[in-house]
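Computed from a predicted structure; not experimentally measured. Numbering of ligands and ligand atoms starts at 1, following listing order.
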Amino acid sequence: MEKIARIAGHFAVDAPVREVSPIGNGLINDSYRVITESGEGYVLQRINHAIFKDVDLLQHNMECVTAHIRRKLEGAEDIDRKVLRLIPLRDSVKTCWTDGDSYWRMTALIKDSVTVETVTPDSSYHAGKAFGEFQAMLSDMTETLGETIPDFHNMELRARQLEEAVAADAAGRCSDPEVQAILEEMRSYMDEMCKAERMHREGILPKRICHCDTKVSNMLFDKEGNVLCVIDLDTVMPSFVFSDFGDFMRTAGNKVAEDCPDIGKVEFDMDIFRAFTRGYLEATRSFLTSVEKENLPYAAALFPFMQAVRFFADYINGDTYYKIAYPEHNLVRTRNQMALFRDVMSRQDEMRSFII
Ligand code: GN1
Ligand code: MG
């Protein structure tokens, strides 16, 4: 932790660092809470450079997005609790520090906020509004944002990556009959799930600036359960609105965590779906097209499916991408996400009739 405190000292914090502790359970970056002698709090993050290859672009996106939202919120109360504030370096305006090996950035800690892993229908409604408003606020950005992970939510690419993983079979896991069965099931849905990319090529589905990682744990709530702020802006980039709708459904809509090994407990929660959808549709009325709206049930299925494909490809590759806690972790996650996907598929009509 001493090393982390030293790194924190490169940023323009208000006083010497008093304590540092690890926070969060992200699968990609490492995060630490930093408290200074004055009691001010900060979040220091080590950026996973193997995944975010263009750190300058990453920081550029984050700077543009937070500045844009800050302008939109001008005049509102408590702005620093509603949008992240990047802390520059002590001796420059740059927002990223590197020792040539790792890359670090810092934001101000948002006081009296909590993250949650599960939501109620009531907080889902507010989350739907918050993520919808996030997209609405960014819908008139003039700065160009790049894709911090190119083709991040492109299902065609994820399908290809899975096939490449299978062809290489780097960890020798493909001979397992269960792996073969999952693979066969995934392949049978692949075409249907690649529909978004086709609609985009046909010119009927636009890309907009989206958050692209709208899991419940990426929002801060106050003690009363109101959404304060959307966090984890690494993947804010042009994408289909399905990304934000779908990933929230995938995480909040699942009655258990994405890595719960007891797949008998996996179930899609229609109350969460209805509440989030109501909030989201209210907030996005000004720009959402009918094609986007009609395909929200598809988005709810696409995201557990895409996540299953990603976890599964990582399992086959020998766990090179997601952090794992035990050897079968990615397989357990895959089973869980496929179970959720099947359940969402069985509720498509019910979802459609709620939306239309
Ligand atoms: C990763 O690091 P974290 O937990 O915010 C991943 C998301 C996945 C998620 C699954 C850059 O997010 O796309 O949905 O794990 N982020 C990246 O839990 O790949
Ligand atoms: Mg993330």
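- A donor and an acceptor atom, one from each side chain of Asp319 and His329, are nowhere located under 3.5 Å apart.
- Between Phe52 and Tyr103, a ring centre-to-centre spacing not shorter than 6.0 Å is recorded.
- The contact set between ligand 1 and Phe52, taken as ligand atoms under 4.0 Å from a residue heavy atom, comprises 11 (C).
- Side-chain atoms of Leu162 and Arg310, non-hydrogen and from C-beta on, never get closer than 4.5 Å to each other.
- Between Tyr322 and ligand 1, no pair of N/O atoms sits closer than 3.5 Å.
- Side-chain contact of Gln135 with Arg208: a donor-acceptor pair under 3.5 Å is absent, judged by distance alone.
- Using a non-hydrogen distance threshold of 4.0 Å, Arg333 does not register as a contact of ligand 1.
- Numbered from 1 in the order shown, with element, the atoms of ligand 1 that lie under 4.0 Å from a heavy atom of Tyr321 read 11 (C), 17 (C), 19 (O).
- For Phe311, no nitrogen or oxygen atom sits less than 3.5 Å from a nitrogen or oxygen atom of ligand 1, counting backbone and side chain alike.
- Between Asp232 and ligand 1, a contact under 3.5 Å exists for at least one N or O pair.
- In terms of polar-atom proximity, defined here as any N/O pair under 3.5 Å, Thr235 makes no such contact with ligand 1.
- The part of Arg250 lying near ligand 1 is the side chain, judged by heavy-atom distances below 4.0 Å.
- Considering backbone and side-chain atoms alike, Lys215 places an N or O below 3.5 Å from some N or O of ligand 1.
- Side-chain atoms of Arg333 and Asn336 form no donor-acceptor pair, as typed in the model, at a separation below 3.5 Å.
- Using modelled atom types, one finds a donor on one side chain and an acceptor on the other under 3.5 Å when comparing Glu282 with Tyr125.
- Ser38 and Asp14 share a side-chain donor-acceptor pair at under 3.5 Å.
- The shortest N or O to N or O distance between Ile149 and ligand 1 is not below 3.5 Å.
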